[in-house]
Amino acid sequence: MASIKDVAAEAGVSVATVSRVLNDHPSVSADARTRVLAAVERLGYRPNAVARSLRTDQTHTLGLVISDVMNPYFTELARSVEEEARALGYSVIIGNADERPDLQDHHVRNLLDRRIDGLLVSPTDGGSALMLDAVRAGTPMVFVDRWMPGVAVPVVRSDGRAAVRDLVAHLHGLGHRRLAIIAGPAATTTGQERVAAFREALRAYGLDLPDAYIGQGDFQAESGRRVTEGFLDLPEPPEVVFAADNLMALGALDAVRARGLRVPQDIALAAFDDIPWFVHTDPPITAIAQPTGELGRAAVRALVDRIEGRPPESVTLPARLVVRRSCGEPSPRNVAVNPVTNRSES
């Protein structure tokens with residue numbers, strides 16, 4: 001493997017001149033710059049990123065701590081983050097918190113030790129002292145999807161309130177009146193927000209959300225299964241179960257089928273966080289879709305703005321309702337084609 005000394009010899013310049021060219025220093029003549037870059041190309045020289053970072057105090061590396069890599073939503077988010085970062089000249093190191101605050105802080109600590117230039121985090125809760133310390137120390141940081149209330153960090157997220165209202169209006173129009181929710185963790189902003197939006201939307205139709213119709217989940221499939229079993233054991237089970245994320249929806253579907261019941265004939269099912277699998281379930285699941293790829297790309301741009309000295313901005317994008325057939329909707333042959341998209345969801 002070629003060294004910087006080999007490049008200097010090939011170009012007929014000093015090692016210092018090669019270093020200045022590689023660091024884009026303006027004091028190098030155009031002729032020397034051309035010869036150095038040609039030598040780099042001929043020899044296939046690749047600068048040592050670690051050594052260069054010690055000189056420039058920049059690694060061109062971002063850290064991303066996501067809540068659960070097994071959740072398809074976060075998998076897609078991580079992919080869009082990596083793609084946008086690469087396009088802007090940064091690499092990404094990913095840590096999976098597995099919905100555990102202790103594991104989240106473990107990854108944050110390791111990433112900071114690696115001297116990353118900035119950090120993207122989807123917090124598992126709102127009380128991480130480590131992240132608060134990192135913010136106070138000036139670490140460039142952006143929250144994505146979730147956030148820590150009261151912390152002065154840009155947030156890139158979707159707003160699902162309008163989509164939840166659309167969902168409740170849709171369910172009400174289908175004749176459903178007893179609606180239950182499998183909530184996400186109360187320690188997360190998304191867990192709190194989705195329950196509040198659901199309750200508010202029900203209130204607009206004069207419907208209550210009794211405590212018996214609120215089941216505490218943890219954004220994992222097993223909790224969706226457990227909560228749904230509890231709903232089905234009630235003297236008056238709900239007509240609809242709304243799962244506040246995709247994995248809990250799949251757990252709910254398992255619980256219904258384990259009882260020998262059918263969706264939507266015996267109980268309807270809807271979900272927050274649409275995923276590609278939902279079109280392949282039987283029936284396909286009505287869901288609220290977040291603009292996941294756009295969120296990931298916007299989060300990277302906000303973080304890079306912060307790193308490179310530009311004022312970063314928080315970004316809020318709308319979620320949307322995707323109607324399929326898990327809530328008693330008409331079969332596709334009876335659904336009018338949308339004149340805007342020229343298609344219907346099935």
Side-chain angles (χ1 to χ4, degrees), residues 157-219 223-257 259 261-274 278 281 283-290 318-331 334-335 345:
R157 56 181 287 261
S158 69
D159 185 350
R161 289 174 296 179
V164 171
R165 289 196 298 270
D166 290 344
L167 172 64
V168 171
H170 172 67
L171 296 172
H172 190 272
L174 293 171
H176 299 301
R177 298 296 183 267
R178 300 194 309 275
L179 281 60
I181 184 170
I182 308 173
T188 64
T189 50
T190 47
Q192 299 166 18
E193 186 179 71
R194 291 169 194 176
V195 173
F198 191 59
R199 190 190 302 276
E200 179 183 337
L202 289 174
R203 191 178 297 124
Y205 288 91
L207 301 176
D208 293 327
L209 183 60
D211 290 344
Y213 283 3
I214 305 174
Q216 189 61 61
D218 60 5
F219 289 147
S223 69
R225 184 180 300 108
R226 170 180 48 77
V227 170
T228 302
E229 289 171 348
F231 288 154
L232 294 174
D233 287 335
L234 292 172
E236 189 174 41
E239 297 168 317
V240 181
V241 172
F242 172 44
D245 95 319
N246 47 53
L247 294 182
M248 294 193 301
L250 293 174
L253 184 61
D254 285 346
V256 171
R257 288 176 172 170
R259 295 288 182 97
L261 301 176
R262 298 169 300 165
V263 174
Q265 291 90 339
D266 299 308
I267 188 167
L269 177 64
F272 204 105
D273 281 344
D274 193 21
F278 282 170
T281 59
I285 296 176
T286 291
I288 291 172
Q290 299 194 74
R320 64 186 178 89
L321 175 63
V322 179
V323 174
R324 297 193 178 101
R325 298 204 316 274
S326 61
C327 296
E329 295 87 351
S331 62
N334 296 323
V335 177
E345 280 279 4

Looking at His170 and Cys327, would you say the former's side chain and the latter's main chain have a donor-acceptor pair under 3.5 Å? no
Is there side-chain contact between Tyr213 and Glu236, with heavy atoms separated by less than 4.5 Å? yes
In terms of heavy-atom contacts, Asp208 and Leu202 come closest through O-CD1, 3.9 Å
Criterion side-chain contact (heavy atoms from CB on, under 4.5 Å) on Leu167 and Thr286, from CA distance to verdict: CA-CA 9 Å; Leu167 172 64; Thr286 291; 4.2 Å; yes
Student check: side-chain heavy atoms of Val256 and Leu269 closer than 4.5 Å: no
CZ (Phe219) and OG1 (Thr190) are apart, to the nearest 0.5 Å, by 4.0 Å
Using only atom types and a distance under 3.5 Å, with no angle test, would you say the side chain of Arg325 pairs donor to acceptor with the backbone of Pro283? no
Would you say the side chain of Phe242 lies within less than 4.5 Å of the side chain of Val168, judging by non-hydrogen atoms? no
Taking the side chain as C-beta and beyond, is there a heavy-atom pair between Met248 and Val227 under 4.5 Å? no
How long is the straight-line distance from CD1 of Ile288 back to CG of Asp166, given to the nearest 0.5 Å? 8.0 Å
Looking at Ala255 and Leu232, what are the two nearest heavy atoms and their distance? O-CD1, 4.2 Å
To the closest 0.5 Å, what do you measure between CG (Asp218) and CD1 (Ile182)? 11.0 Å
Please name the pair of heavy atoms, one in Gly160 and one in Ala319, separated by the smallest distance, quoted to 0.1 Å. CA-CB, 4.0 Å
What are the two closest non-hydrogen atoms of Phe231 and Ala212, and how far apart are they? CE2-O, 3.3 Å
Can you measure from CD (Gln290) to CZ (Arg157) and round to the nearest 0.5 angstrom? 9.5 Å
Any side-chain heavy-atom pair of His172 and Arg177 under 4.5 Å: yes
How about Arg194 and Asp273: do any of their side-chain heavy atoms sit closer than 4.5 Å? yes
Would you find more than 12 non-hydrogen atoms of other residues, nucleotides or ligands less than 6.0 Å from Asp233 atom CG? yes
In this structure, are over 12 heavy atoms from other groups packed under 6.0 Å from Arg178 atom CZ? yes
Please report the shortest heavy-atom distance between Gly217 and Ser223, naming the atom on each side. CA-OG, 3.6 Å
What's the separation between atom CG in Asn246 and atom CD1 in Ile285, rounded to the nearest 0.5 Å? 9.5 Å
Donor-acceptor pair, Asp159 side chain versus Arg161 backbone, under 3.5 Å? yes
Side chains of Asp254 and Thr228 in contact at under 4.5 Å (non-hydrogen atoms): no
Within the structure provided, determine whether Phe198 and Ile214 are in side-chain contact (heavy-atom separation under 4.5 Å). no
When rounded to the nearest 0.5 angstrom, what distance separates CD1 in Ile267 from OG in Ser326? 11.5 Å
